[in-house]
Undergrad: 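Take this structure first; my questions come after.
Computed from heavy atoms alone, side chains included, the values below leave out hydrogens, waters and symmetry copies. Labels below follow one simple rule: chain letters A, B, ... track the order of the sequence lines, proteins then strands, and each chain is numbered from 1.
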Number of protein chains: 2
Amino acid sequence: MKRPVDLPPSAAAAGNRRSAVVRAAGRLFREKGYAATTIRDIAQAAGMRSGSPFYHFRTKHDMLHAVVLEGLAAVHAAVALELNAGRPPRQTFEAMLRAHLQQVLGEEGRDFSAVLLHESRHLEPSALAEVIALKDAYEAMWQKVLKILKRAGLVADDSKAARLFLLGAMNWTTLWYRTGGPLSVERLARQLANFVLREPDKP
Amino acid sequence: MKRPVDLPPSAAAAGNRRSAVVRAAGRLFREKGYAATTIRDIAQAAGMRSGSPFYHFRTKHDMLHAVVLEGLAAVHAAVALELNAGRPPRQTFEAMLRAHLQQVLGEEGRDFSAVLLHESRHLEPSALAEVIALKDAYEAMWQKVLKILKRAGLVADDSKAARLFLLGAMNWTTLWYRTGGPLSVERLARQLANFVLREPDKP
DNA sequence: TAGACAAGCAAGCAATTGCTTGGTAGGATG
DNA sequence: CATCCTACCAAGCAATTGCTTGCTTGTCTA
């Protein structure tokens, strides 16, 4: 009956079944949406009975919160790595595109990031504010690379609107890209770079 | 107790309160999402009691269907008008951008189009198939203008992916654009055109 | 071997959900 | 005047919802 209130002792080992709940919630929230997913759905997908997820989470909202934070952390880490790899502007940009698309479309992280992108509005106000702050920090990296690209003459516009157009083009792929289709994520990143950059294409 | 099954006699006058239900549903579906909106919410917003909307619609799904079709018809008509206005490529393109963004962001049609963009997955399979067919026809107009732009050397890529990048950039605005902010819809359209086209900017 | 704790289960409760049912006010129609 | 039809209301039903409660199991430690 007791609960691991904030940090369970020896969280690494203890968080094993908890993460099963998060993964199940992530997949279902992406497939059916937050509001249309029931606790019973999540419990069953995690191999539990309907009351058991509440051992790990206080509310359903908390499950959404955990999913969204996981998505945000993963995409931030992946893109930050490429931004700081010390490559020239165009290569840095394309690597960041690839990393973002990989996170958003790849088997591994697509559930978390799709939920982040499409279900955040169902968060409670305080959790939403936290997520928005983290998202702003993430998007600042894109503003930074746009600035670099403009200095290099590779792009004409590094405004806030330009950043949002770019992120929109990327994030919208979650609604149409199909894994196993004719287009790999790498080629998609290359194609978006060519679509956006003002430079002779590199096929 | 009887219902106007398919076509109510003298539909023009009779469909008055019905359209109040559609407008209320559109606004609530956009604000809270389809699954999180209750019949009671819709009825109250339309000034009715909770059972009354079912005089006009068989199910809640049918209400979503009506909202989505309204959004699709409006944006299709607005953009088709500009595509066929007989202007030169760049002007045609920018006018289409403006028309789409006007529909998606403007007071008048944003409820319907935002629901179309973000809630279509909650449609029943048969209704979804119908909507997808109409959406494909809509997007074909964008493929067409991209082809024209490429012939004119204004864009480097007129592939299917390029079209989806463009639509993504536009449709994502529904998640960040705020009416009354510093950026008008007209300027937004101009800025997106400059972001995408390979030509000296026209400020 | 005894105790403690992590991690669940079985059962159910109060509220909410989509939707149905029988009725009815008010205008049009004969 | 009698009838019909449109558009709604008042009430409620069966199912589902998020969540709670008391209890059990397996495992680790002293």
Side-chain angles (χ1 to χ4, degrees), chain A residues 1-25 28-29 31-67 115 119 122-124 127, chain B residues 1-25 28-29 31-67 115 119 122-124 127:
Chain A
M1 295 204 28
K2 238 193 218 164
R3 309 218 162 124
V5 227
D6 264 333
L7 292 178
S10 83
N16 213 349
R17 303 300 345 271
R18 179 191 148 110
S19 85
V21 174
V22 175
R23 283 199 307 277
L28 290 164
F29 290 165
E31 287 173 359
K32 319 186 359 172
Y34 171 78
T37 300
T38 72
I39 294 291
R40 287 164 178 81
D41 292 337
I42 297 170
Q44 187 178 15
M48 297 173 176
R49 303 300 178 126
S50 72
S52 303
F54 292 100
Y55 175 77
H56 301 282
F57 295 93
R58 274 182 27 260
T59 65
K60 185 186 173 190
H61 276 107
D62 282 1
M63 300 178 204
L64 176 61
H65 193 185
V67 169
V115 171
E119 307 292 330
H122 295 287
L123 291 167
E124 302 153 303
Chain B
M1 293 211 21
K2 240 193 217 167
R3 309 224 161 119
V5 229
D6 264 330
L7 290 179
S10 83
N16 216 349
R17 300 306 339 275
R18 180 192 147 109
S19 84
V21 174
V22 176
R23 284 199 308 275
L28 290 165
F29 289 165
E31 288 174 357
K32 319 186 359 173
Y34 171 78
T37 300
T38 70
I39 295 292
R40 286 164 179 81
D41 291 336
I42 297 170
Q44 187 178 13
M48 297 172 176
R49 304 300 178 128
S50 73
S52 302
F54 291 99
Y55 175 77
H56 301 281
F57 296 92
R58 277 185 20 263
T59 66
K60 187 185 170 192
H61 276 107
D62 282 1
M63 301 179 202
L64 176 61
H65 194 184
V67 169
V115 172
E119 309 292 331
H122 295 287
L123 291 167
E124 301 153 304

Undergrad: What is the distance from CE of Met48(B) to C1' of dA25(C), rounded to the nearest Å?
TA: 16 Å

Undergrad: Name the closest nucleotide to the Thr38(A) side chain, picking from dG18(D), dC19(D), dG18(C).
TA: dG18(D)

Undergrad: Rounded to whole Å, how long is the line connecting atom CG of Leu28(A) with atom P of dT17(D)?
TA: 13 Å

Undergrad: If I take atom CD in residue Gln44(B) and atom C1' in nucleotide dC9(D), what distance separates them, rounded to the nearest angstrom?
TA: 15 Å

Undergrad: If I take atom CZ in residue Arg18(B) and atom C1' in nucleotide dC8(D), what distance separates them, rounded to the nearest angstrom?
TA: 16 Å

Undergrad: Write down the distance between CD1 (Ile39(B)) and P (dC9(D)), rounded to a whole number of angstrom.
TA: 14 Å

Undergrad: By nearest heavy atom, map Ser52(A) and Ala36(A) onto DNA chain D; which one lands nearer the 5' end?
TA: Ala36(A)

Undergrad: Please determine which of Met63(A), Arg17(A), Arg18(A), Lys60(A) meets the side-chain contact (heavy atoms from CB on, under 4.5 Å) test together with Pro53(A).
TA: Met63(A)

Undergrad: Would you say that Glu124(A) contacts Asp62(A) through its side chain, given a criterion of any heavy-atom pair below 4.5 Å between the two side chains?
TA: yes

Undergrad: Expressed as a whole number of angstroms, how long is the span from Leu64(B):CG to dG18(C):C1'?
TA: 15 Å

Undergrad: Mind listing the closest non-hydrogen atom pair of Ser50(A) and Ile39(A) along with its distance?
TA: O-CG2, 3.3 Å

Undergrad: Scan for salt bridge (Lys or Arg N to Asp or Glu O under 4.0 Å) pairs involving residues 31-54 of chain B, sequence neighbours excluded, and state none if there are none.
TA: Arg27(B)-Glu31(B), Lys32(B)-Asp41(B)

Undergrad: Of the candidate nucleotides dA7(D), dG18(D), dT20(C), which contains the atom at the shortest distance from the side chain of Phe54(B)?
TA: dT20(C)

Undergrad: Considering all heavy atoms of both residues, which atom of Thr37(A) and which atom of Leu28(A) are nearest to each other, and what is their separation?
TA: OG1-O, 3.3 Å

Undergrad: Over its full length, what angle do the end axes of the helix from dT1(C)-dA30(D) to dG30(C)-dC1(D) make, each axis taken from five pairs and the result rounded to 10 degrees?
TA: 10°

Undergrad: In whole angstrom, give the distance that lies between atom NE2 of His61(A) and atom P of dC19(D).
TA: 8 Å

Undergrad: Below 4.0 angstrom from OP1 or OP2 of dC8(D), is there any side-chain N or O of His56(B)?
TA: yes

Undergrad: Which residues satisfy the ring pair (Phe, Tyr, Trp, His ring centres under 6.0 Å) test with Tyr34(B), sequence neighbours excluded?
TA: Phe29(B), His61(B), His122(B)

Undergrad: Using the side chain to side chain contact (heavy atoms under 4.5 Å, CB included) rule, take Val67(A) and Glu119(A) through it: C-alpha gap first, then chi angles, then the decisive distance, then the call.
TA: CA-CA 10 Å; Val67(A) 169; Glu119(A) 307 292 330; over 6 Å; no

Undergrad: Return the minimal non-hydrogen interatomic distance between Phe57(B) and Val22(B), and the atom names on each side.
TA: CZ-CG2, 3.5 Å

Undergrad: Can you see if the side chain of Tyr55(A) gets near the phosphate of dA7(C) - specifically, an N or O under 4.0 Å from OP1 or OP2?
TA: yes

Undergrad: Any idea which heavy atoms bring Ala35(A) and Ala35(B) closest together, and the distance?
TA: CB-CB, 3.7 Å

Undergrad: Output one line per pair: protein atom, nucleotide atom from nucleotides 12-15 of chain C, and distance, for all N/O pairs under 3.5 Å.
TA:
none

Undergrad: Figure out the CZ/C1' separation between Arg49(A) and dT20(D), and round it to whole Å.
TA: 18 Å

Undergrad: Give a yes/no on whether any side-chain N or O of Arg17(B) is located under 4.0 angstrom from OP1 or OP2 of dA7(D).
TA: no

